[in-house]
Trainee: 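Mind having a look at this structure? Questions to follow.
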Amino acid sequence: MSYFDAASAAPLHPVARQALLASLDEGWADPSRLYREGRRARMLLDAAREAAAEAVGCRADEVVFTASGTRAVHTGVAGALAGRRRAGRHLVVSAVEHSSVLHAGEAHAREGGTVTEVPVDRTGAVDPGAFGAALRDGTALACLQSANHEVGTEQPVARVAEVCRAAGVPLLVDAAQSLAWGPVDGEWSLLTGSAHKWGGPAGVGLLVVRKGVRFAVAGPADEREAGRAAGFENIPAIVAAVASLRAVRAEAAREAARLRELTDRLRARLPELVPDVEVVGDPVRRLPGIITFSCLYVDGETLLHELDRAGFSVSSGSSCTSSTLTPSHVLRAMGVLSEGNVRVSLPFGAAEADVERFLEVLPGAVAGVRAKLGAPAPATVTEGDALVVDAVGKLCPVPVIELAKVIGDVPVGGTVRVLADDEAARLDIPAWCAMREQEYVGEEPAEKGTAYVVRRIR
């Protein structure tokens, strides 16, 4: 089995396993106690904190260990907002942040705060000028990920940090996806990370709060971790997490070059091997091991099952793979195709032979899924000078398949109205038009669902 979902959780690094087993015998005691066992545990915890600070590029007393990366984000956002309550209650985030950041924003809004989401371009990157324009009097905190978890696009963190500093607004950076590759550039104020993203054990998060940043702990006070993270520290897991971070950093330069070559190979050959594929994300400013692509006329969930049967573990932001049947918020914000979406995220040490086998298997898997979905005949009627396709009650990617089948039946300049009630159509029909060089006119209310209007221009 080829595991290609490292962006979700990286396999446990051998160094992490060794460190975990070794520290189980030494790090079980309460590090706040003065007896021998407590002192041993404190030494391990202090050494891990020093090593984490060195990897991040901060002071050791700015590092807090939490129970997860999500907990680090929630603690960081809540603490920074509470610490700057007098400055205001406005929060700025990018539209493609990890769900942990967006959920923290939703909680803030429920408590009476306001949240502004900064849009991104089609590659998934924010514009620093647009980000700066979202800051205003009363902005207490801004959040921006260092690199996107779904498409791998790196954000201009250093430039956004300059804008935030000029406005007197602290910037929290979610660095979960990028910390394995190096420290985050720029004058950021807070930073978070998650050990299972870089080959450490799950259940260890990292929160860094720079000196001088106003921070007030939300919830009951606790004497541990400078009062910023409640609960007994899992010292063996923390030691293993930091040991794995140091280990992957030692390999990062060489491994980044190798994985970039493999993902560049995928980016170049996928469109040659599989027709109607859109590779998404920035082609240059991206993490080394992530490539995301979307296939027209493909049910994403079915495609993932086919690849799983062929021995490949991959993930997807397709609306067809979610319980809500709504597209990934990242793909939606980028305005790219969500149907048939596949994310390949290669772990450290991924074999070239496995990548080549993936390229051999994928065309047949896509063709097989398309063949299964090609059976339904579109129900069409003529309404004035427009052709109407009734796809109400049909889920992605069927509305787009039926649009593609009939677009050639109208003259150049003629229109097709696609009736659909699947939320994914709002994203996928405009994305199809961009890929096929047709004009997306817009949407109109309809008796059943929504009418998406497409004009044939070629």
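Computed from a predicted model, the values in this text were never measured in an experiment.
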Trainee: Under the side chain to side chain contact (heavy atoms under 4.5 Å, CB included) rule, collect the residues that match up with Ser100, sequence neighbours excluded.
Mentor: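 If we apply the side chain to side chain contact (heavy atoms under 4.5 Å, CB included) test to Ser100, skipping adjacent residues, the hits are Thr70, Val73, His74, His98.
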
Trainee: When rounded to the nearest 0.5 angstrom, what distance separates OG1 in Thr123 from CE in Met334?
Mentor: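 Here the interatomic distance stands at 6.5 Å.
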
Trainee: Which side chain to side chain donor-acceptor pair (under 3.5 Å) pairs, counting each pair once, include a residue from residues 149-170, with sequence neighbours left out?
Mentor: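 Pairs touching residues 149-170 that pass the test: Glu150-Ser328.
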
Trainee: With side chains defined as the heavy atoms from C-beta onward, is the minimum distance between Leu346 and Thr263 less than 4.5 Å?
Mentor: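 Yes; the side chains approach each other to less than 4.5 Å.
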
Trainee: Any salt bridge between Asp421 and Lys394, counting N to O under 4.0 Å?
Mentor: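 Lys394 and Asp421: not salt-bridged.
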
Trainee: For Ser294, what residues pass the side-chain hydrogen bond (donor to acceptor under 3.5 Å, both in side chains) criterion, not counting sequence neighbours?
Mentor: Asn341

Trainee: Of all heavy-atom pairs between Ala16 and Gly200, which one has the smallest distance, and what is that distance?
Mentor: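 Looks like CB-CA, 4.4 Å.
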
Trainee: Determine whether Val163 and Phe131 satisfy the following criterion, side-chain contact (heavy atoms from CB on, under 4.5 Å), listing intermediate values before the conclusion.
Mentor: CA-CA 8 Å; Val163 172; Phe131 202 98; 5.7 Å; no

Trainee: Determine whether a donor-acceptor pair (N or O, by modelled atom type, separation under 3.5 Å) exists between the side chain of Thr75 and the backbone of Ala72.
Mentor: no

Trainee: With rounding to the nearest 0.5 angstrom, report the CZ to CG distance, Arg214 to Leu141.
Mentor: 14.5 Å

Trainee: With no hydrogens and no angle check, is any side-chain donor or acceptor of Asp5 less than 3.5 Å from a backbone partner on Val314?
Mentor: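 No: the side chain of Asp5 does not pair with the backbone of Val314.
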
Trainee: Going by heavy atoms in the side chains, are Leu273 and Leu362 under 4.5 Å from each other?
Mentor: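 Side-chain contact under 4.5 Å: no.
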
Trainee: Can you give me the closest heavy-atom contact between Pro119 and Ala95, atom names plus distance?
Mentor: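 Nearest pair, atom of Pro119 first, then Ala95: CA-CB, 4.3 Å.
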
Trainee: Minimum heavy-atom separation for Leu373 to Asp299, with atom names?
Mentor: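 Scanning both residues, the minimum pair turns out to be CD1-N, 3.3 Å.
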
Trainee: Could you tell me whether Arg456 and Glu439 make a salt bridge, using a distance below 4.0 angstrom between a side-chain N and a carboxylate O?
Mentor: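 Judged by the 4.0 Å cut-off on N to carboxylate O distance, Arg456 and Glu439 do not form a salt bridge.
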
Trainee: If we ignore hydrogens and angles and just use 3.5 Å, is the side chain of Gln177 paired with the main-chain N or O of Ala7 as donor and acceptor?
Mentor: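 Between the backbone of Ala7 and the side chain of Gln177 there is a qualifying donor-acceptor contact (under 3.5 Å).
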
Trainee: For a 4.5 angstrom cut-off between non-hydrogen side-chain atoms, does Gln438 reach Arg455?
Mentor: no

Trainee: Could you tell me which residues satisfy side chain to side chain contact (heavy atoms under 4.5 Å, CB included) with Ala310, sequence neighbours excluded, listed by chain and number?
Mentor: Phe312, Val361

Trainee: Identify whether the distance between the nearest side-chain nitrogen and carboxylate oxygen of Arg265 and Glu352 falls below 4.0 Å.
Mentor: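 Counted as a salt bridge, because a side-chain N and a carboxylate O are separated by less than 4.0 Å.
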
Trainee: Kindly compute the distance separating CG (Leu262) from CZ (Phe358), expressed to the nearest 0.5 Å.
Mentor: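 The CG atom of Leu262 sits 12.5 Å away from the CZ atom of Phe358.
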
Trainee: Using a 3.5 Å cut-off and no angle test, enumerate the donor-acceptor pairs between side-chain atoms of residues 103-113 and protein atoms at least two apart in sequence or in another chain.
Mentor:
from   : atom 1 : to    : atom 2 : distance (Å)
His103 : ND1    : Ser99 : O      : 3.3
His108 : NE2    : Arg89 : O      : 2.7

Trainee: Quick one: list whatever passes salt bridge (charged side-chain N to carboxylate O under 4.0 Å, His left out) with Arg71, sequence neighbours left out.
Mentor: none

Trainee: Report yes if some heavy atom in the side chain of Leu179 is under 4.5 Å from a heavy atom in the side chain of Leu206; otherwise report no.
Mentor: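 Yes, their side chains come closer than 4.5 Å.
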
Trainee: Can Val173 and Gln145 be said to form a side-chain contact (heavy atoms from CB on, under 4.5 Å), step by step?
Mentor: CA-CA 5 Å; Val173 177; Gln145 59 193 188; over 6 Å; no

Trainee: Got a sec, which residues hit salt bridge (charged side-chain N to carboxylate O under 4.0 Å, His left out) with Arg458, two or more places apart in sequence or on another chain?
Mentor: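 Salt bridge (charged side-chain N to carboxylate O under 4.0 Å, His left out) list for Arg458, sorted by chain: Glu437.
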
Trainee: If you apply the rule side-chain contact (heavy atoms from CB on, under 4.5 Å), what do you find for Val416 with Leu403, and how did you get there?
Mentor: CA-CA 8 Å; Val416 177; Leu403 166 62; 3.8 Å; yes

Trainee: Would Glu251 and His13 count as having a side-chain donor-acceptor pair, cut-off 3.5 Å?
Mentor: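 On atom types as modelled, these side chains qualify, holding a pair under 3.5 Å.
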
Trainee: Can you check whether Ser313 reaches Phe4 side chain to side chain, under 4.5 Å on heavy atoms?
Mentor: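 Answer no - side chains too far apart.
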
Trainee: Please name all residues satisfying side-chain hydrogen bond (donor to acceptor under 3.5 Å, both in side chains) with Thr450, sequence neighbours left out, ordered by chain then number.
Mentor: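 Scan of Thr450 (side-chain hydrogen bond (donor to acceptor under 3.5 Å, both in side chains), adjacent residues dropped) gives none.
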
Trainee: Less than 4.5 Å apart, side chain to side chain, heavy atoms only: is that true for Leu266 and Leu359?
Mentor: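 They are in side-chain contact.
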
Trainee: Which heavy atom in Val56 sits nearest to a heavy atom in Pro183, and how many Å separate them?
Mentor: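 What the structure gives for the nearest pair is O-CB, 3.5 Å.
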
Trainee: For Arg210, is the CZ atom crowded, meaning more than 12 foreign heavy atoms sit under 6.0 Å from it?
Mentor: yes

Trainee: To the nearest 0.5 Å, tell me how far Cys143 SG sits from Asp174 CG.
Mentor: 9.0 Å

Trainee: Does Trp198 reach the main-chain N or O of Ser178 with its side chain, forming a donor-acceptor pair under 3.5 Å?
Mentor: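 Between the backbone of Ser178 and the side chain of Trp198 there is no qualifying donor-acceptor contact (under 3.5 Å).
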
Trainee: Which heavy atom of Pro170 sits nearest to which heavy atom of Arg84, and what is that distance?
Mentor: CD-NE, 3.3 Å

Trainee: Any heavy-atom pair between the side chains of Val342 and Leu303 that's under 4.5 Å?
Mentor: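 Yes. Closest side-chain heavy atoms under 4.5 Å.
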
Trainee: Starting at CG of Leu190, measure out to CD of Glu62 and round the result to the nearest 0.5 Å.
Mentor: 10.0 Å

Trainee: With the side chain counted from C-beta on, respond yes when Val330 and Asn148 share a heavy-atom pair under 4.5 Å apart, and no when they do not.
Mentor: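 With C-beta onward as the side chain, the pair touches.
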
Trainee: Kindly compute the distance separating CG (Asp428) from OG (Ser338), expressed to the nearest 0.5 Å.
Mentor: 3.5 Å

Trainee: With a 3.5 Å cut-off and no angle check, do the side chains of Tyr452 and Trp432 form a donor-acceptor pair?
Mentor: no

Trainee: Any side-chain donor paired with an acceptor under 3.5 Å for Ser315 and Arg343?
Mentor: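 A pair is found: one side chain offers a donor N or O, the other an acceptor, under 3.5 Å apart.
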
Trainee: Would you call Glu261 and Arg258 a salt bridge, taking side-chain N to carboxylate O under 4.0 Å as the test?
Mentor: no

Trainee: Working note: Arg136 + Thr116, criterion side-chain contact (heavy atoms from CB on, under 4.5 Å); need CA distance, chi angles, decisive distance, verdict.
Mentor: CA-CA 11 Å; Arg136 64 184 192 224; Thr116 297; 4.1 Å; yes

Trainee: Applying side chain to side chain donor-acceptor pair (under 3.5 Å) as the test, list every pair that has at least one member in residues 179-194; sequence neighbours left out.
Mentor: Ser194-His196

Trainee: Check for a donor-acceptor pair, side chain of Lys197 on one end and backbone N or O of Ser8 on the other, with a separation under 3.5 Å.
Mentor: yes

Trainee: Residues in side-chain hydrogen bond (donor to acceptor under 3.5 Å, both in side chains) with Glu360, at least two apart?
Mentor: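 Listed in chain order: nothing, the list is empty.
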
Trainee: Considering all heavy atoms of both residues, which atom of Val118 and which atom of Ala134 are nearest to each other, and what is their separation?
Mentor: CG2-CB, 3.8 Å

Trainee: Exactly one of Val92, Val96, Leu102 should register a side chain to side chain contact (heavy atoms under 4.5 Å, CB included) with Glu117. Which one does?
Mentor: Leu102

Trainee: Using atom types as modelled and distance alone, determine if a side-chain donor or acceptor of Thr139 lies under 3.5 Å from a backbone N or O of Leu135.
Mentor: no

Trainee: Can you name the side chain to side chain contact (heavy atoms under 4.5 Å, CB included) partners of Asp264, sequence neighbours left out?
Mentor: Arg267, Arg286

Trainee: Give a yes or no on whether Arg17 atom CZ has more than 12 heavy-atom contacts from other residues, nucleotides or ligands under 6.0 Å away.
Mentor: no

Trainee: Partners of Asp282 by salt bridge (charged side-chain N to carboxylate O under 4.0 Å, His left out), sequence neighbours excluded?
Mentor: none

